[in-house]
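Each remark here refers to the structure printed beneath this line.
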Amino acid sequence: MKILVVDDEKDMETLFQQRFRKEIREHQVEFAFAFSGEDALRYLEQLNHEAVLILSDINMPGMSGLELLRHIKEKYENPPPVVMMITAYGDTENYNQAMKLGADEFLTKPVDFNLLKEKLKLKN
Amino acid sequence: MLAEPFICFFLLRRVRRLLLNTNALDPWDQPIKILFYGIIALFAAEVIFHLDFITKWIWHALLLGIIYIAFIKKEFIVARPLMFAVLPFAILSFAADLFKVISLQQYKIVDNYLQIATIFSIVWMAAMIIVSNRQQKALQREHEKTKQEEEQKKWMEARKEELEKIVGERTAELRSQKEQVESTLAELKATQTQLIQSEKMASLGELTAGIAHEIQNPLNFVNNFSEVNAELIEEMKEEIDKGNFEEAKLIANDIKENQEKINHHGKRADAIVKGMLQHSRSSSGTKEPTDINALVDEYLRLAYHGLRAKDKSFNATMKTDFDNKIGTINIVPQDIGRVILNLFTNAFYAVTEKKKQTSNGYEPTVAVSTKSVKLPSGGLGVLISVKDNGNGISGKVLDKIFQPFFTTKPTGQGTGLGLSLSYDIIKAHNGELKVNTRENDGTEFTIHLPV
């Protein structure tokens, strides 16, 4: 499973690689990282939506996570990739908007990786 | 004597007038009126029934009685000159009649003398009456004048009262207007306080959102890296047990790196909280004589090396121009230091951004200068200028840069409190923080501080 993580916090890359080091080692998952919404779109275009799962932050400079979500859901229809939103703003407005735009999951920071793994069905 | 009834009548009339003028008539009005009727009745009786042999005695008694009363009653004092005028005649007339009764013989002897005396008495009476009349008239004029004056005085007092009333009314009106203005002012002040309060509340709303984001992000790393480290330590133990020391070393390196990240993000959260507290709290720092050039130089280095530590590729030319004539000035060094640091950080950020966008030929430069100047108020002051050749500030955001929580930096790099805090600090020093910018050319911040 290929997962694209979109977040402007650079340390997210290290964190995911360490949190999923077993799964990476066992080739259960493969990660790609983008540090902005624009980066993420470029990546998806180049690799022809190779990623099946996208984890995106909401509050980023430039294109926000919600805009990215809208773009993805509009552009990639068949089948649309699963998009999970991860944000520090856990308020209802953000949640409702994300859901309206077709987000598949809505998680808040600090990220509970056990919960995330459950959602990704990586946990047995 | 035929004259006596007339004299009586005349005398009474005069007395009445005089009493009237001196406001003493009231208790005497009734008796005088009765006397009038009595005189008329007696006179009529005398003429019709030829009773003069009786009535002449009544006339004498009446005349002398009036004179007597005039001399014993205090309120008749005004009539006394008149009485003096009549008295000789009254006495002579009475004496003549008396002589006639007592001895006609003797009367005939004195008759001539009496007649002469009577003539004199009449002349005396006339003269006295004229004099008295004149005096009376003069008195009356005086009296009228006084009365007029009194009336005028009364009128003036009434006017004065009226004017005082008007003035009082005006004063009351003015006072009520003043009170109204004062209450409006108080209301305005209350509204202003309320506005400031709601502004604070609004910024508190932003603050909560800011805290959520700014704290949750570092917290995410602190929590997760520490959990990862716990797991890595377990793995490291396992590797050591297996004898894979090389592997264990690699894991140890990861743990160390993670530990640094935990530390970094912990400090980041700390800085955010401290910055917010600083912003909400008024400075309790005390002013002390400070070498402003040394302070500026110190913070320039701090800012530069701080950035170099974070970003190895960062580089910029620094130009300093310090005015050595300044000496020391009285400031809160930590506060002013924070302002200067903030201005440097912003300047370095601006030139770094421009360098990212421009390829060749751009030399990032930050220039700082201090100068002893004369303030517009006339006193001496110090001017500190921090100038960069970055992209400048666009007109769209220029009026927002001093607002709390406004930032153009990406998440995690700016709290949006720097310039707002700086502005407050400079204001607390009675100084001025100004910005001068040209898009694509650069920005210059200037601080004016009074000495």
Side-chain angles (χ1 to χ4, degrees), chain A residues 5-26 31 33-39 55-68 84-95 97 106-117 123, chain B residues 205-206 208-236 238-239 247 250-269 272 310-311 349 353 356 405 407-414 416:
Chain A
V5 178
V6 191
D7 201 308
D8 63 317
E9 296 272 352
K10 302 252 172 17
D11 279 344
M12 278 304 241
E13 185 172 355
T14 329
L15 183 64
F16 269 81
Q17 276 166 349
Q18 299 216 358
R19 270 300 193 180
F20 287 93
R21 64 192 180 286
K22 269 185 206 153
E23 290 81 356
I24 293 167
R25 222 181 289 143
E26 290 159 18
F31 281 101
F33 295 90
F35 300 110
S36 71
E38 292 88 345
D39 270 358
L55 298 174
S56 175
D57 184 20
I58 289 182
N59 191 43
M60 292 181 289
M63 183 187 285
S64 81
L66 293 171
E67 273 175 75
L68 174 66
M84 293 188 183
M85 304 309 292
I86 299 174
T87 179
Y89 293 109
D91 57 294
T92 41
E93 205 191 306
N94 263 320
Y95 176 83
Q97 216 175 338
F106 189 88
L107 301 171
T108 52
K109 286 181 185 176
V111 183
D112 181 343
F113 277 87
N114 288 327
L115 183 71
L116 180 61
K117 282 177 190 177
K123 258 204 156 175
Chain B
E206 282 176 67
T208 1
I211 287 171
H213 192 257
E214 296 305 313
I215 303 290
Q216 300 288 51
N217 270 314
L219 210 57
N220 178 40
F221 295 119
V222 172
N223 285 1
N224 281 304
F225 278 121
S226 59
E227 275 177 44
V228 166
N229 269 5
E231 289 170 15
L232 287 179
I233 286 165
E234 281 307 312
E235 277 179 34
M236 188 169 75
E238 282 166 27
E239 297 296 336
E247 191 64 30
L250 283 177
I251 294 172
N253 278 342
D254 279 350
I255 292 172
K256 194 187 163 222
E257 264 171 40
N258 289 350
Q259 189 53 48
E260 275 164 12
K261 289 197 192 309
I262 291 168
N263 199 343
H264 167 74
H265 289 288
K267 278 182 182 158
R268 183 178 153 197
I272 288 152
K310 264 196 240 168
D311 179 3
Y349 181 81
E353 285 298 294
K356 277 186 202 162
F405 306 106
T407 180
T408 56
K409 291 178 185 173
T411 311
Q413 291 190 46

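The model shown is predicted, which means the values in this text are computed figures rather than measured ones. Note on naming: letters A, B, ... go to the chains in the order of the sequence lines (proteins, then strands), and numbering restarts at 1 for each one.
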I want to check something: taking the side chain as every heavy atom from C-beta on, are [X] and [Y] in contact at a cut-off of under 4.5 Å?
X       : Y        : value
A:Gln18 : B:Glu231 : no
A:Leu15 : B:Lys261 : no
A:Thr87 : B:Gln216 : no

>> Which heavy atom of B:Phe221 sits nearest to which heavy atom of A:Glu9, and what is that distance?
In response: CE1-OE1, 3.5 Å
>> On a heavy-atom basis, which atom in B:Phe225 and which in A:Asp11 lie closest, and how many Å separate them?
In response: CZ-O, 3.9 Å
> Considering heavy atoms only, which positions within residues 253-260 of chain B lie below 4.5 Å of chain A?
Replying inline: B:Asp254, B:Asn258
> With a 4.5 angstrom heavy-atom cut-off, which part of A:Thr108 approaches chain B: side chain, backbone, both or neither?
Replying inline: neither
> More than 12 heavy atoms of other residues, nucleotides or ligands under 6.0 Å from OH of A:Tyr95: is that the case?
Replying inline: no
> Can a salt bridge be assigned to the pair B:Glu234 and A:Lys22 using a cut-off of 4.0 Å between side-chain N and carboxylate O?
Replying inline: no
> For the side chain to side chain contact (heavy atoms under 4.5 Å, CB included) test, which of B:Asn220, B:Leu219, B:Asn224 pairs with A:Lys109?
Replying inline: B:Asn220
